[in-house]
*Asks:* 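Shown below is the structure under consideration.
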Amino acid sequence: MDSEDDDFHSGGTGMESDEGDADYGFVENDSDDSDDIIYHRHQNYTILGEHDIIRLQMEDINRVSQVLSMSRDDACILLRHYKWSVNRVHDEWFADEESVRKAVGLLEKPIEMPRSREMTCGICFEVYPCNRMRSAACGHHFCNSCWEGYIGTSINDGPGCLMLRCPDPDCSVAIGQGMINVVATEEDKKKYARYLLRSYIEDNRKTKWCPAPGCEFAVDFVLGSGSYDIICKCSHSFCWNCTEEAHRPVDCRTVARWILKNSTESENMNWILANSKPCPKCKRPIEKNQGCMHITCTPPCKFEFCWLCLGPWSDHGEKTGGFYACNRYEAAKQEGMYDETERRREMAKNSLERYTHYYERWATNQASRQKALSDLQDMQAVQLEKLSDKQNQPESQLKFIIEAWLQIVECRRVLKWTYAYGYYLPESEYAKREFFEYLQGEAESGLERLHQCAEKELQGFIEAEGPTKEFNDFRTKLAGLTSVTRNYFENLVRALETGLNDVGPSSHLAACSRTSGSGGSISRAKSGKSKVVRSSAFRPGGPSRSSSDDGTHWSCGRCTFVHVNPSNICQMCGHQRQTCAHPSDNQ
Amino acid sequence: MTSTSSPSTKALSKIACNRLQKELAEWQVNPPFGFKHKISDNLQRWIIEVAGAPGTLYVSETYQLQVDFPEHYPMEAPQVIFLQPAPLHPHIYSNGHICLDILYDSWSPAMTVSSVCISILSMLSSSTVKQRPPDNDRYVRNCQNGRSPKETRWWFHDDKV
Ligand SMILES: [Zn+2]
Ligand SMILES: [Zn+2]
Ligand SMILES: [Zn+2]
Ligand SMILES: [Zn+2]
Ligand SMILES: [Zn+2]
Ligand SMILES: [Zn+2]
Ligand SMILES: [Zn+2]
């Protein structure tokens, strides 16, 4: 990796040099474009199926064949030798054709050997009429069955068959697919074609196979084009650069460090990975079986608590720092009243404690993501049809549910990686840490809201007796939450990727941006350290927000949801409508 | 009688038989200089006597090569080793294994026993020191349970010596 990683801790804008002018497109997006799924970025890659790969390979071969006026067979040999880079083939060829020919094994003209009526095969030493012998351009003749044996042996030895040369020990003329297709068995031809196809993806610098097990798609990536995130048609999302699963907003080096850290700490982690925890009230073991962190103990206890901190769910409101949020390490430390945190206290001063905090949240989000993925599949396979029957809605009208689940899956992924991000964010960067934890907390509560709605509220409509008139309100709410959450997470990713550089010394914005009891202001007051400033560029909705605040509709200052009714409370998150106008927004 | 048993032998294919009969016939008419094939009725294993060439470190020494042919000879390379005692040579291990590319990766079915013999003799003749390869002991230890040199991943030294 290059120097951009080294900027990570100093908060440098790692991606900026590459991506400074990349168009993320989401700043202008309004919250109702539910047709676009997950990201609105310009796509800088193409997913290729087998037919696409064959077509592209064919096009490259044709191009070289035309430009250098040679057979397609020879063009293919040349391209393979130069890792399928058409430009490189042209450059090398025009620089020094002769040495290219020599290195690759291509003759300028076929050599005509004197042909008698009968010839002796150089492998089996049998004599054949010359019409049963054949040779490559070098004129070394062998009988058909020896060719078949020679080629078959090489193909069964592996991909080295793509570099096959004439069997004559003193000859290095290349044997291409043309000869293979004339003399090899059907099975060997197929294997050879397979190797050729694989080579096109594996040897080419700008293509890779999707790393998901069993997936046969490949990615064609525009080198140097910025974001490494790939979403394959098989739905696996991964990083182009390191082929680990997609990990924005953290960089590849941090991912590698984190994965290594996890494997070395894994023994210490075993106790955490246990799938059950005792109910904090009745002490019976509870297995977490839903994706969201809100757990309800089985009757008769019915205690509602948070899976992460085992605190009562009722505490997870505004006063503990954001709706449904449970993200703060500092807060967790102070909640010494719970057994779990008590135990961790005993591990105090030990760095494991800190790691544990991040790891557990990382792993929990990972598990929630897996759960959300399987819920999504279940939704597509079974539930949607049920719902469609119950609510009398064509399935095409229920797309918003799939979109909500796709968004949940994506958010869980991002949230998960923010914990690796947080782990490596130096303790000394107070302002950044505060800002980070604030953003993470908001993200978490936003996602929990969406998850709740898509999981629990939806269930009610699936189990309903018949069509309910509330279903349309539910549609509006879920679609709204999806869009709001998407906006928020996209901004979050961007803020983290640019190293939280929107944080600076105190100013007017800090003083007035969040006065109504959100987590950010609480922790700020508590720490009493430098104040946090967010430029309006980060805040969801951004500068365009105030222009929509024209009296006929307004958008929520916390979650950006746009309201047309004149109420003063956000429908989505319960946030108070704000009347303080920011000078910078107010042109 | 040798430390290396023959490779798990499958009988020669018909193609291999035909080809070996032709090679043998040709050898009897026109043997490579300095080599003697020890007559036996085993077509699949040849024992060949090599005489060190005049003017080289191995003059007036004789060694024995054992050549075993696989089922799909000549598409697959024969296994060629020196019987004890193997000549002292920087590319020949004390167990008789020979580090020579044409016996492994660079084998071509258009090569013959005769052409292999000539290559081995030229390798012997060009040697300037009589010594074992530097990794001899380790390599020989690793081959103790009768591993064939064809299973070794050879890393060929230079082809001058
Ligand atoms: Zn033949
Ligand atoms: Zn040739
Ligand atoms: Zn895939
Ligand atoms: Zn990566
Ligand atoms: Zn309970
Ligand atoms: Zn909690
Ligand atoms: Zn809101």
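Being a predicted model, the structure only gives us computed values, none of them experimental. Residue numbers begin at 1 in each chain, while the letters A, B, ... track the order of the sequences.
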*Asks:* What's the verdict on side chain to side chain contact (heavy atoms under 4.5 Å, CB included) for A/E126 and B/R19, showing C-alpha distance, side-chain angles and the deciding distance?
*Replies:* CA-CA 8 Å; A/E126 304 281 352; B/R19 153 99 183 223; over 6 Å; no
*Asks:* For atom CD of A/E216, decide whether the heavy atoms of other residues, nucleotides or ligands shown that lie under 6.0 angstrom number more than 12.
*Replies:* no
*Asks:* Quick check: closest heavy atoms across B/K22 and A/C124, and the distance to 0.1 Å?
*Replies:* CD-O, 3.8 Å
*Asks:* Above 12 or not: heavy atoms from other molecules or residues under 6.0 Å from CD of B/Q28?
*Replies:* yes
*Asks:* Step through the shown structure and confirm whether more than 12 heavy atoms of other residues, nucleotides or ligands are within 6.0 Å of CZ on A/R132.
*Replies:* no
*Asks:* Do other residues, nucleotides or ligands put more than 12 heavy atoms under 6.0 Å from the CG atom of A/L164?
*Replies:* yes
*Asks:* Heavy-atom cut-off 4.5 Å, strictly under: side chain, backbone, both or neither for A/C146 against chain B?
*Replies:* both
*Asks:* State whether the number of non-hydrogen atoms from other residues, nucleotides or ligands found under 6.0 Å of B/E49 atom CD is greater than 12.
*Replies:* yes
*Asks:* Take atom NZ in A/K190; do more than 12 heavy atoms of anything else shown fall under 6.0 Å from it?
*Replies:* no
*Asks:* Which atom names give the shortest non-hydrogen contact between B/P74 and A/I123, and what distance separates them?
*Replies:* CG-CG2, 3.7 Å
*Asks:* Which region of B/T112, side chain (C-beta onward) or backbone (N, CA, C, O), has a non-hydrogen atom less than 4.5 Å from a non-hydrogen atom of chain A, or is it both or neither?
*Replies:* side chain
*Asks:* Is the backbone of B/M75 close enough, under 3.5 Å, to the side chain of A/T153 for a donor and an acceptor to pair up by distance?
*Replies:* no
*Asks:* What distance separates B/E23 CD from A/F125 CZ, expressed to the nearest 0.5 Å?
*Replies:* 5.5 Å
*Asks:* Is B/P109 close to chain A through its backbone or its side chain, or both, or neither, when contacts mean heavy atoms under 4.5 Å?
*Replies:* both
